Amino acid sequence: MTQHVVICAGESSGDALGAGLVHELSALEPGLRYTGMGGTQMRAAGVDTLIDVSELAVVGLVDVLVNYPRLRRLFRRMCEHLETHRPDLLVLVDYVEFNLRLAAHARRLGIRVLFYVSPQLWAWRSGRIKRIQRSVDAMAVLFPFETDVYEKAGVPVRYVGNPLVDRVQPPKQPIREQLGLAANTRLVGLLPGSRNGELKRHWPMLVDTARRLHMSHPDIQFVASMAPGVTTEHLGALATCDDLPVHFVGGDTATHSLMAGADLLLIASGTATLEAGLLQAPMLVFYRMGTLSHAVFSRLVRVENIALVNIVGGERLVPEYLQQQATAERLAHDAADLLDRPPALDAMRDRLAQVRDHLGNGGADRRVAEMAHQLLHHGQLSDSEKPI
């Protein structure tokens with residue numbers, strides 16, 4: 001009888017992780033059946049998705065509250081899928097609050113659960129470890145320092161490494177060549193994030209920042225990276241940039257080429273900062289959230305840095321601008337200051353060289369697939385673990 005794996009990702013980054021896992025697990029054991037929720041990459045890998053990640057993209061407390069009825073319907077749909085099909089394994093990829101609730105439901109049904117990508121317990125809301133103890137059979141974590149909290153709580157855990165180490169490599173075609181620009185053209189990359197709430201709060205600010213920079217540095221060209229599902233029409237409805245020299249690119253290849261080739265990035269805090277760090281891209285990291293979300297966040301957070309690239313580096317490798325600090329005026333001023341001091345940009349590139357070392361070796365997709373394979377056939381992780 002064909003074994004059935006349900007795999008659930010709620011964002012584009014999780015879609016990529018889920019696809020990598022499915023590719024490797026299919027190589028270990030051909031013929032498995034995959035269903036769940038995800039995006040284009042997971043579908044291309046062979047997952048029959050009941051829910052697309054575009055239906056799940058919310059950020060911040062207010063967005064969650066506004067979209068709660070829709071999210072609840074989607075959650076019920078996944079619960080009913082588990083109840084009807086009783087898969088051999090449920091793999092949950094990030095998207096913590098939704099997926100932890102799904103894990104609890106799966107546990108009540110007697111379904112094994114592998115959770116891939118740890119919530120940031122070391123940063124805030126460490127009490128979630130109790131929910132994980134009750135409902136997760138094994139955790140696959142991306143950073144070595146994350147294993148301690150699970151081992152102390154008695155949750156089987158493996159540090160699998162970070163998939164970005166394999167996926168983020170220097171591009172073959174320079175971004176200026178892709179866009180037909182002269183090799184000495186100065187480029188500033190604009191990366192507002194991928195979720196609707198992020199775009200609404202960040203894109204108008206970035207357009208204003210670009211206008212200010214263009215006034216003082218008219219030779220600069222701007223390149224905006226668009227996440228899957230985001231269109232120029234969508235961004236234009238938020239803030240028009242017809243009067244600016246802005247080029248738009250999409251997809252991992254073009255985005256990585258932008259990161260590797262731009263003189264400076266203005267980038268929303270998130271996984272993308274790690275990708276940029278792996279390519280030693282000078283950057284200013286910003287993030288703005290709703291007032292209520294920030295009030296809750298500021299009371300609960302326990303880390304000095306918000307940018308993953310700084311957290312992984314263990315120090316402030318690049319500047320951060322959170323909430324009221326994230327203004328077009330300040331970003332434009334600090335960007336202009338860096339762009340006028342090439343040695344400062346070079347020094348930032350040198351500091352970022354350590355990011356790849358901190359993230360360890362490649363092979364994360366294969367390791368998490370091996371965890372899934374063990375849970376499918378043995379119901380638990382084996383005692384032996386290959387060192388990373």
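Keep in mind that this is a model prediction, so the values were computed, not measured.
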Side chain proximity check, Asn196 to His234, heavy atoms < 4.5 angstrom: yes

Residue Gln3 excluded, over 12 heavy atoms near CD under 6.0 Å: yes

Distance-only donor-acceptor check, side chains Glu320 and Tyr287, under 3.5 Å: no

Close side-chain approach of Leu191 to Thr255, heavy-atom, < 4.5 Å: yes

Full working for side chain to side chain contact (heavy atoms under 4.5 Å, CB included) between Val168 and Met259: CA-CA 10 Å; Val168 180; Met259 289 175 172; 5.9 Å; no

Minimum heavy-atom distance Phe222-Ala210, with the two atoms named: CZ-O, 3.4 Å

Non-hydrogen atoms of Pro119 and Met139 that approach each other most closely: CD-CE, 4.2 Å

Any Val368 side-chain heavy atom under 4.5 Å of Leu114 side chain: yes

Arg330 charged N/C atom sitting above Tyr321 aromatic ring, 6.0 Å / 45°: no

Parallel, tilted or perpendicular: rings of Phe143 and Phe145 (30°, 60°): parallel

Side-chain donor/acceptor of Ser26 to backbone N/O of Val22, under 3.5 Å: yes

Side-chain donor/acceptor of Gln280 to backbone N/O of Arg349, under 3.5 Å: yes

Worked check of salt bridge (Lys or Arg N to Asp or Glu O under 4.0 Å) between Lys172 and Glu177: CA-CA 10 Å; Lys172 296 179 180 179; Glu177 184 178 313; over 6 Å; no

N/O donor-acceptor pair under 3.5 Å between Gln169 side chain and Val165 backbone: yes

Member of Met371, Arg112, Gln380 meeting the side chain to side chain contact (heavy atoms under 4.5 Å, CB included) criterion with Asp137: Arg112

Asp340 and His217: side chain donor to acceptor below 3.5 Å: yes

Main-chain N/O of Thr185 paired with Arg176 side-chain donor or acceptor, under 3.5 Å: yes

Parallel, tilted or perpendicular, as decided by the 30° and 60° cut-offs, for the rings of Trp203 and Phe248: tilted

Donor-acceptor under 3.5 Å (Thr84 side chain, His81 main chain): no

Main-chain N/O of Arg288 paired with Arg201 side-chain donor or acceptor, under 3.5 Å: yes

Check against salt bridge (Lys or Arg N to Asp or Glu O under 4.0 Å), Asp263 and Arg186: CA-CA 6 Å; Asp263 294 281; Arg186 290 208 291 181; 6.0 Å; no

Evaluation steps, salt bridge (Lys or Arg N to Asp or Glu O under 4.0 Å), between Lys152 and Asp148: CA-CA 6 Å; Lys152 290 176 182 176; Asp148 288 348; 5.6 Å; no

Backbone of Gly39 reached by a side-chain donor or acceptor of Ser12 within 3.5 Å: no

Residue pair Ser269 / Glu198, side-chain heavy-atom distance below 4.5 Å: no

Derivation of the salt bridge (Lys or Arg N to Asp or Glu O under 4.0 Å) call for Arg211 and Asp208: CA-CA 5 Å; Arg211 286 202 179 97; Asp208 190 7; 5.6 Å; no

Spatial distance of atom SG (Cys8) from atom CZ (Phe75) [nearest 0.5 Å]: 10.0 Å

Reported OG1-to-CD distance for the pair Thr271 and Glu11, which is rounded to 0.5 angstrom: 8.0 Å

4.5 Å side-chain heavy-atom contact, Gln221 and Leu187: yes

Qualifying residue, where the test is side chain to side chain donor-acceptor pair (under 3.5 Å) with Arg43 and the options are Asp52, Asp48, Asp15: Asp52

Asp166 side chain to Gly363 backbone, donor-acceptor under 3.5 Å: yes

Expected output: side-chain Arg77 to main-chain Leu50 donor-acceptor under 3.5 Å: yes

Main-chain N/O of Asp94 paired to Asn99 side chain as donor or acceptor, under 3.5 Å: yes

Salt bridge present between Glu97 and Arg131 (N-O < 4.0 angstrom): yes

Partner of Leu284 by side chain to side chain contact (heavy atoms under 4.5 Å, CB included), out of Val188, Leu265, Leu338, Thr209: Leu338

